[in-house]
Amino acid sequence: MAILGTTILSAEAQQQDKNNSPLFEDEKIVIWNNDKAPHSNGLTGEAYYASPYRLVNTTKAVMYIYHADKAKATGQSVVICPGGGYAKLSMDQEGYMMAQWLAENGITGIVLEYRLPNGHKEVPLEDAVEAIRIVRKKAKKWGLDPAKVGIMGFSAGGHLAACASNIPAVEDRPNFSILYYPVLVAGSFSSHKGSFRNLLGKKHSAKEADEYSMEKCVSENTPPTILILSDDDTTVPAAGAAIYYAQLRYYGVKAAMYVFPEGGHGWGNYAKFSYQKEWQHLLLRWLGELK
């Protein structure tokens, strides 16, 4: 098998790389590009890695599918939105590494390479909504339950996942939401101003920020949600997630929140996060208890 044009790998090497490279997804679907999508982000050219696994200049929405281990399949699937402040996509620990782990545990993981907003607020959300629609359309073919399609997001990707859980028509929302150290609340000490600036533009108004401040968008139609955080996160303080959690409970939404004492920001599925096994156990238990 030829990889990157020239290198021939043994079967053993291929399997090793499959555990470490996003090139080995089971299936790939290009949703659309700027010309065919409802809105354009104004960027041109092809996406590229500005640093290892940090993707920028995304002008196409792409789904990378990692199918569930059939022996453990639960029928659940998760669309994964990597973080990166809406300026880049962290495709490793918040992307394919998570998708592979989900697949190993019977849950189909779909990494979403969404188009970065570049000040065009509609763009990432329409990519996420279309990805959810596609998963539901493909559910029978992929052995999935169309009523068990979730979304997962990290940091700014967590904001996107929360947007998808609150803004679209109810039938286009995910069935559950998994948020890691998410950007949620605008205009406060717990905000991440860079994410809102990249999403809404440098000169956005306070009203626009309020429209995308997720605690103000929660309703009884928000899907069940789990939040996973670190108390010492200084990039996106956990207090914002606590505000969102309070709103979820106010509206009677099934929710759980776990705040680990340390770890900072951006750990995703890295083994170096000392509470990796704990959050994995808690998430799988929560997913297993969903009705």
Side-chain angles (χ1 to χ4, degrees), residues 3-6 17 20-25 27-66 79-100 109-134 151-164 180-183 192-204 208-209 212 235-236 265-266 268-270:
I3 305 300
L4 298 180
T6 58
D17 274 1
N20 296 284
S21 171
L23 298 175
F24 287 94
E25 72 282 344
E27 196 168 340
K28 174 180 174 181
I29 296 174
V30 177
I31 299 173
W32 49 37
N33 58 22
N34 275 333
D35 293 332
K36 295 183 179 181
H39 297 88
S40 169
N41 62 6
L43 299 174
T44 59
E46 296 294 324
Y48 63 92
Y49 287 99
S51 58
Y53 300 117
R54 298 301 178 263
L55 195 65
V56 299
N57 200 60
T58 51
T59 57
K60 297 177 184 176
V62 185
M63 298 164 61
Y64 300 92
I65 299 95
Y66 295 74
V79 174
I80 302 166
C81 305
Y86 280 130
K88 59 182 179 291
L89 301 181
S90 299
M91 296 294 284
D92 54 349
Q93 88 283 12
E94 296 175 355
Y96 75 91
M97 291 170 65
M98 182 61 72
Q100 289 175 339
I110 301 108
V111 181
L112 176 63
E113 177 187 318
Y114 56 90
R115 291 171 299 144
L116 294 164
N118 189 37
H120 298 265
K121 59 188 179 183
E122 304 90 352
V123 168
L125 181 56
E126 64 191 21
D127 291 354
V129 169
E130 190 64 16
I132 291 168
R133 289 173 179 158
I134 290 172
I151 196 165
M152 173 187 288
F154 302 81
S155 193
H159 182 266
L160 175 55
C163 285
Y180 291 83
Y181 40 86
V183 175
H192 186 255
K193 292 181 174 61
S195 292
F196 284 99
R197 185 168 58 247
N198 291 328
L199 177 66
L200 303 173
K202 293 180 180 179
K203 297 182 179 180
H204 67 267
E208 287 178 298
Y212 282 82
T235 302
V236 183
H265 188 79
N269 204 13
Y270 277 153

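Counting from 1, the numbers follow the sequence of the chain as shown.
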Give, for atom CG of Leu43 and atom OG1 of Thr58, the distance between the pair rounded to the nearest 0.5 Å. 6.5 Å
Residues Val111, Glu25; criterion side chain to side chain contact (heavy atoms under 4.5 Å, CB included); working and verdict: CA-CA 9 Å; Val111 181; Glu25 72 282 344; over 6 Å; no
Stepwise side chain to side chain contact (heavy atoms under 4.5 Å, CB included) check, Arg54 with Ser90: CA-CA 5 Å; Arg54 298 301 178 263; Ser90 299; 3.4 Å; yes
Between the side chains of His204 and Tyr212, does any donor sit under 3.5 Å from an acceptor? no
Keeping Thr59 on the side-chain end and Gly45 on the backbone end, is there a donor-acceptor pair under 3.5 Å? yes
Are His39 and Arg115 close enough, and set up right, to give a side chain to side chain contact (heavy atoms under 4.5 Å, CB included), and what steps lead you there? CA-CA 10 Å; His39 297 88; Arg115 291 171 299 144; 5.5 Å; no
Heavy-atom side-chain contact between Ile151 and Ile132 under 4.5 Å: yes
Checking Gln93 against Tyr53 for the side chain to side chain contact (heavy atoms under 4.5 Å, CB included) test, could you report, in this order, the C-alpha distance in whole Å, the side-chain angles of both residues, the deciding distance, and whether it holds? CA-CA 9 Å; Gln93 88 283 12; Tyr53 300 117; over 6 Å; no
State whether the number of non-hydrogen atoms from other residues, nucleotides or ligands found under 6.0 Å of Lys88 atom NZ is greater than 12. no
Which distance, rounded to the nearest 0.5 Å, do you find between the CD of Glu113 and the SG of Cys81? 12.5 Å
Quick one: does Asn34's side chain have a donor or acceptor within less than 3.5 Å of a partner on Ala37's backbone? no
Angle class for the Tyr181/Phe154 ring planes (parallel below 30°, perpendicular above 60°, tilted otherwise)? tilted
Rounded to the nearest 0.5 Å, what separates atom OG1 in Thr44 from atom CG in Asn57? 6.5 Å
What distance separates Leu199 CG from His120 NE2, expressed to the nearest 0.5 Å? 11.0 Å
Spacing of CG belonging to Leu160 relative to CG belonging to Leu125, to within rounding of 0.5 Å: 6.5 Å
Output yes when a side-chain donor or acceptor of Asp127 lies under 3.5 Å from a complementary backbone atom of Ala61, and no otherwise. no
Please answer whether the main-chain N or O of Gly42 pairs with a side-chain N or O of Ser40 as donor and acceptor at a distance below 3.5 Å. yes
For Asn41, is there any backbone N or O sitting under 3.5 Å from a side-chain donor or acceptor partner on Asn118? yes
Separation between OH (Tyr114) and CD1 (Ile31), nearest 0.5 Å, reads 13.0 Å
